[in-house]
Amino acid sequence: MGQVPQTIYGIIGDGRVATHFKHYFTLLDLPVRTWSRRAAKSDPRQLPEQLQYCDTILVLIQDAAIVPFIQEHPFLKTRTLVHFSGSLTTPLAFGVHPLMSFGPSLYDLVTYRRIPFVCDFGFRFQEVFPGLENPVFEIKPELKPLYHSLCVMSGNFTVLLWQKMFAELETTFDIPREAAVPYLSRIASNLIEDSRGALTGPLQRRDSETIERNLEALESDPFHRVYRSFVDAYRETTGGHA
Ligand SMILES: NC(=O)c1ccc[n+]([C@@H]2O[C@H](COP(=O)([O-])OP(=O)(O)OC[C@H]3O[C@@H](n4cnc5c(N)ncnc54)[C@H](OP(=O)(O)O)[C@@H]3O)[C@@H](O)[C@H]2O)c1
């Protein structure tokens with residue numbers, strides 16, 4: 001019996017996600033070829049030549065560039081195309097969103113394997129990526145913008161809050177950022193262990209006086225509006241008087 005030929009994956013782009021997925025596929029011994037416009041400057045081979053043996057091509061470039069890029073390269077229409085944008089829906093490529101934050105350092109295989117993929121409804125993940133055993137979920141296209149806004153709020157906005165905390169500790173209070181790390185770790189652990197019971201502080205205690213004092217302290221700070229919005233959203237969703 002002959003061996004089933006292994007899918008060769010193509011990756012377009014050389015940004016954070018492209019670099020992480022090239023690494024993940026390499027850790028799994030999955031064959032992968034890459035193309036990026038930066039590398040194309042020093043390698044005269046065109047995209048169709050570079051990715052000619054790739055059945056599946058991951059277009060891992062900036063969201064706004066995905067559709068124009070596919071339209072500008074007719075060769076791509078002969079391949080199974082996948083993009084990783086959490087907010088884009090297009091008939092030109094399947095949407096497969098890795099629910100993860102990809103920082104500047106690469107991760108280990110265990111971390112990559114645990115990343116859930118949130119796919120366009122009906123996408124046959126196992127057929128396109130038989131070598132990946134990641135958890136897979138489907139969402140309807142009309143719910144994708146909401147899904148992505150939740151990812152941005154929970155993942156990116158918390159980073160902004162913690163960057164503010166670390167910067168203020170160091171500059172205003174002369175306290176090293178490391179001092180707050182146990183607090184950050186505990187918040188994350190409590191959320192993972194029991195998300196419903198994780199909230200502490202004046203909102204949870206419905207302590208209006210403390211909330212007003214906090215708002216006064218932030219009066220001239222752009223984050224005053226952030227605090228106010230959180231209080232308003234919390235009151236609206238819980239129906240309570242925080
Ligand atoms: N970062 C995350 O944590 C994360 C998580 C989930 C999903 N995603 C998704 O993953 C995809 C890639 O994001 P990223 O974070 O890796 O972005 P990134 O680090 O900013 O990299 C963007 C890449 O797109 C390329 N690019 C931009 N415009 C292009 C064009 N017109 N033609 C060819 N290449 C172009 C850039 O090339 P140049 O350097 O030459 O400009 C670069 O290689 C996006 O769809 C994003 O929504 C990201």
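As the structure lists them, so they are numbered: ligands from 1, and atoms in each ligand from 1. We count residues from 1, following the sequence as given.
- Ligand-side atoms of ligand 1 in range of S101: 3 (O), range being under 4.0 angstrom from any heavy atom.
- The shell of residues lying under 4.0 angstrom from ligand 1, judged by heavy atoms, excludes H20.
- Of the listed residues (R37, R16, H73), the one carrying the non-hydrogen atom nearest atom 33 (C) of ligand 1 is R37.
- Close contacts between ligand 1 and S85 involve ligand atoms 45 (O), 47 (O) [criterion: under 4.0 Å to a heavy atom].
- Between W35 and F69, the two ring planes are tilted [angle within 30° to 60°].
- Protein heavy atom closest to atom 5 (C) of ligand 1, with residue, atom name and distance, is M100 O, 3.4 Å.
- For the pair N190 and T200, the minimum side-chain heavy-atom distance is 4.5 Å or more.
- Looking only at atom types and distance, the side chain of E193 has no donor-acceptor partner in the side chain of S189 under 3.5 Å away.
- When each of F125, Y24, F94 is tested with F117 by the rule ring pair (Phe, Tyr, Trp, His ring centres under 6.0 Å), just one qualifies, namely F125.
- Here atom 11 (C) of ligand 1 lies nearest to I61 when heavy atoms of I11, D14, I61 are compared.
- In this structure, the protein non-hydrogen atom closest to atom 7 (C) of ligand 1 is F84 O, 3.3 Å.
- Looking from atom 44 (C) of ligand 1 to the surrounding protein, the closest heavy atom is D63 OD1, 3.1 Å.
- By the criterion of a heavy-atom distance under 4.0 Å, neither the backbone nor the side chain of H83 is placed next to ligand 1.
- When side chains are defined from C-beta on, D14 does not count as touching K22, because their heavy atoms never get closer than 4.5 Å.
- In summary, the atoms of ligand 1 found under 4.0 Å from a heavy atom of F102, numbered by their order in the structure, are 2 (C), 3 (O), 4 (C), 5 (C).
- There is no protein heavy atom closer than 4.0 angstrom to atom 36 (C) of ligand 1.
- The six-membered or imidazole ring of F21 lies near that of F84, with a centre-to-centre distance under 6.0 Å.
- Of the heavy atoms in A65, only side-chain atoms (C-beta onward) come closer than 4.0 Å to ligand 1.
- Below 3.5 Å of separation, one finds an N or O of G15 facing an N or O of ligand 1.
- Residue contacts with ligand 1 include P98, since one of its heavy atoms falls under 4.0 Å from the ligand.
- Against a heavy-atom cut-off of under 4.0 Å, F69 is close to the following atoms of ligand 1: 32 (N), 33 (C).
- If you number the atoms of ligand 1 from 1 as listed, the ones under 4.0 Å from a heavy atom of H97 come out as 6 (C), 7 (C).
- The single protein non-hydrogen atom nearest to atom 39 (O) of ligand 1 is R38 NH2, 3.3 Å, given as residue, atom name and distance.
- Remark: of the listed residues V82, T7, L30, V82 is the sole one forming a side-chain contact (heavy atoms from CB on, under 4.5 Å) with F129.
- For the pair W35 and ligand 1, the shortest N or O to N or O distance does not fall below 3.5 Å.
- At most 12 non-hydrogen atoms from other residues, nucleotides or ligands lie less than 6.0 angstrom from NZ of K140.
- What sits closest to atom 1 (N) of ligand 1 on the protein, heavy atoms only, is V17 CG2, 3.7 Å.
- Not a single N or O atom of A18, backbone or side chain, sits closer than 3.5 Å to an N or O atom of ligand 1.
- Within 4.0 Å of atom 20 (O) of ligand 1, not a single protein heavy atom is present.
- The two residues H20 and Y112 make their nearest non-hydrogen contact at ND1-OH, 2.8 Å.
- Heavy atoms of Q62 found under 4.0 angstrom from ligand 1 belong to the backbone as well as the side chain.
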